[in-house]
Amino acid sequence: MTLRIYNTLTRKKEDFVPLAPPAVNMYVCGITPYDESHVGHGRAYVVFDTIRRYLEYCGFRVKYVQNVTDVDDKIINKSRELGIDSSVLATKFTQSFLDEMDKLNVKRADIYPKATEHIPEMIRWISGLVERGIAYQLADGVYFSVEKFPGYGQLSHRKPADNEAGARVGVDSAKKNPFDFALWKTAKAGEPSWESPWGLGRPGWHIECSAMSTKYLGEQFDIHGGGMDLEFPHHENELAQTEALTGKRPWVKYWLHNGFVTINKQKMSKSLGNFFTLKDIFSKFDPMVVRFFFLLTHYRSPINYSDSEIIAAGEGLNKIKQFISEIEFLIEHSTHEAPPLEVADMEEELTAFRDKFRAAMDDDFNTAGALAAIFELMKYCRQALAEGEREAGCLRLMRDVVVELTSVLGINLGSGKSQVVSGELIEELIDRRMSAKKDKDYKKADEIRQQLLQMGIIIEDTPQGTRWKTQT
RNA sequence: GGCGCGGUACCCAAGCGGCUAAGGGAACUGUCUGCAAAACAGUCAUUCGGCGGUUCGAAUCCGCCCCGCGCCUCCA
């Protein structure tokens, strides 16, 4: 079974064949750090992190680059508002973003290039485009001429002519075509600016991605990702600039776009004001539950955010955690090893579920299907447990496969025993409750249960003794 | 106006031409239990927005219609 990926460029699922396997170079559009990150950012980066993890699981060596747009209108306005330097603002929110990503168990990118640290590269790019007559200069900056690039529209499948009827584009009459976009913006008073052949100014938004992605990943690379809203105009423009200058096609082999997080079915965005920051959400919910919630839906579909859906997702995740802690408890209390032959049998049984997991992921990263495979795997294991499977080798295998598959999805199950109170105290109370139970002093036993509950500990009696876990 | 996505049980959500329409949550019944909890067993869509069509066969393909959403302006 080969990995198939939906490519926005062709609007089809295609077999994934990287340019130079096992290397896979991927670039994902990052944030503009002028405010706290919201749930939509969380979903986007969890999606691409999961894709990256799966590619690595398949044996690819992934180089992952994610830019930081640290100079643009929003940053300039916000820093002016706050009376601080734009670089201070950008640094602050970049850090805050990385902290939130850590909580979501998003692996760090290999490189986080910043726009402001690549001005010379961008100037070179713009110069190149001007020299070739693809870009032209106006009073307020340098523009890319979409008419000079016949391939314009190939990604978003729209032709400049199509949109004229909409009349919502460009009021800038000086531009030759309403779709022409700024490569360089002439500085206005008080803005951060850099020297260039076109005077003081700053780069336009799109050029940074062309300059930085190709600098770190080469003039052609495998995967370029981002939110659906970036497809047009951002990615279309990036593509136009890059192919116009390098002449190499395709610049990017696979374009991936994730669906939005919605609130009451409407896109969550800063401009609509209907967004939740990750900080808000994490004050109410475990970030791992939020990640799990995202993965319950295919990455290209919209996902509607609501507290009740997060809670429902939390119950599902809990089931997996419960399974692991139960297995671990049984391993601790297991008295004998399994014969190798039996372990081999178990291995074979479990492989069927691993295959199912992979088949789902191979089909355009169907995480919902992959999760279903994990639940089915657990169901199988539980039945074996119910039939009396107690041999350590088999138990370990069950645990290992579940942990293996969940970790491919970046779901960290934790140790399950990260409590504040000491384990000794808990064990002590459990022992006392056990003796109370032996004496049929159920009143006292229940009191101890209550006491533990107040410490956030839930206990469960099993034939192998009493287990405990922290309240969630 | 142009381009595009989606409507599957009470909720979420896979499936995209043919095995009994995955899986999760909620609910209900039973087993187990001092009580719990967890787990296990069972129940929960003769049907996939509607109407036609293609086909031996359609949730899956085609047409029309209804509804919801996105992009075309900064946006993950």
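- Atom C1' of B:C66 sits at a distance of 11 Å from the matching atom of B:C51, rounded to the whole Å.
- Contact annotation for A:Ser269: base contact, defined as any heavy-atom pair under 4.0 Å involving a base atom.
- Across the strands present, B:U55 finds no partner; the criterion is a Watson-Crick or G-U wobble pair with both atom distances under 3.5 angstrom.
- As judged by a 4.0 angstrom heavy-atom cut-off over every strand, A:Gly314 is placed among residues making no nucleic acid contact.
- If you check every strand for non-hydrogen atoms under 4.0 Å, A:Ile303 touches nothing.
- Pair check for B:C69 finds B:G4; Watson-Crick or G-U wobble, both atom distances under 3.5 Å.
- A donor and an acceptor atom, one from each side chain of A:Gln266 and A:Asn274, are nowhere located under 3.5 Å apart.
- Taking atom P in both B:G53 and B:A13, one finds a spacing of 32 Å when rounded to whole Å.
- Between A:Asn366 and B:G15 there is a side-chain polar atom (N or O) within less than 4.0 angstrom of OP1 or OP2.
- Remark: the separation of the C1' atoms in B:G63 and B:C28 is 44 Å, to the nearest Å.
- As judged by a 4.0 angstrom heavy-atom cut-off over every strand, A:Phe48 is placed among residues making no nucleic acid contact.
- No donor-acceptor distance shorter than 3.5 angstrom exists from the side chain of A:Asp222 to the backbone of A:Met26, with no hydrogens or angles considered.
- You'll find that the side chain of A:Lys267 is closest to B:C71, out of B:C35, B:C71, B:A76.
- We find the CZ-OH distance between A:Phe294 and A:Tyr305 to be 8.5 Å, quoted to the nearest 0.5 Å.
- Listed candidates were B:G34, B:C71, B:G24. Nearest to the side chain of A:Arg449 is B:G34.
- Residue contacts for A:Asn304: at a heavy-atom cut-off of 4.0 Å it reaches no nucleic acid atom on any strand shown.
- Using atom C1' as the reference point in both B:U54 and B:C72, the two lie 35 Å apart (nearest Å).
- Base contact: A:Gly40 has a heavy atom under 4.0 Å from a base atom.
- Nearest to the side chain of A:Ala312, among B:G25, B:G23, B:A76, sits B:G25.
- In this pair, A:Trp255 and A:His257 present their aromatic rings parallel. The plane angle is below 30°, not in the 30 to 60° band.
- Base pairing of B:A9: no nucleotide in any strand meets the Watson-Crick or G-U wobble criterion (both distances under 3.5 Å).
- Not one side-chain nitrogen or oxygen of A:Lys437 sits closer than 4.0 Å to the OP1 or OP2 atom of B:C35.
- A:His234 places no side-chain N or O within donor-acceptor distance of the main-chain N or O of A:Glu231, the cut-off being under 3.5 Å.
- Base engagement by A:Tyr442 is indicated by at least one non-hydrogen atom pair under 4.0 Å involving a base atom.
- Counting only heavy atoms from C-beta on, A:Lys319 has its side chain closest to B:G24 among B:G68, B:G70, B:G24.
- Checked against B:A13, B:A38, B:C40, the side chain of A:Ala386 finds its nearest nucleotide in B:C40.
- A gap of 47 Å separates the P atoms of B:G4 and B:A39, to the nearest Å.
- Straight-line distance between the P atoms of B:C3 and B:A26: roughly 45 Å, to the nearest whole Å.
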Would A:Arg291 and A:Asp49 count as a salt bridge (charged side-chain N to carboxylate O under 4.0 Å, His left out) here? Give the steps.
CA-CA 11 Å; A:Arg291 181 176 183 118; A:Asp49 177 62; 2.8 Å; yes
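- When heavy atoms are screened at a 4.0 angstrom cut-off, A:Thr262 is found touching no nucleic acid atom at all.
- B:C64 and B:C71 have their C1' atoms separated by 26 Å, given to the nearest Å.
- The side chain of A:Glu460 sits closest to B:A37 out of B:A22, B:A37, B:C3.
- Using a 4.0 Å heavy-atom cutoff across all strands shown, A:Val261 reaches at least one base atom of the nucleic acid.
- Separating the C1' atom of B:C65 from that of B:G7 is a span of 14 Å, rounded to the nearest Å.
- A distance-only check finds no donor-acceptor pair linking the side chain of A:Ser407 to the backbone of A:Gly410 [under 3.5 Å].
- Contact check, A:Gln383 against B:A41: a side-chain N or O comes under 4.0 Å of OP1 or OP2.
- Across every non-hydrogen atom of A:Ile126 and A:Trp184, the tightest pair is CD1-CE3, 3.8 Å.
- For B:G17, there is no paired nucleotide, since no Watson-Crick or G-U wobble pair has both relevant distances below 3.5 Å.
- Considering only the side chain of A:Lys356, B:A22 comes nearest among B:A38, B:A22, B:C71.
- Searching all strands for a Watson-Crick or G-U wobble partner of B:G42 with both distances below 3.5 Å returns B:C28.
- Within 4.0 Å (heavy atoms only), A:His298 reaches sugar-phosphate atoms of the nucleic acid but no base atom.
- The partner of B:G34 cannot be assigned: no Watson-Crick or G-U wobble pair with both contacts below 3.5 Å exists in any strand.
- Across B:C11, B:G34, B:A38, the shortest atom-to-atom separation from the side chain of A:Glu309 is found for B:C11.
- When each of B:A76, B:G23, B:G25 is scored by its nearest atom to the side-chain atoms of A:Glu315, the top-ranked nucleotide is B:G25.
- At a threshold of 4.0 angstrom between heavy atoms, the contacts of A:Arg43 with the nucleic acid are absent.
- Checking B:A14, B:C40, B:C72 against every side-chain atom of A:Ser301, the shortest atom distance belongs to B:A14.
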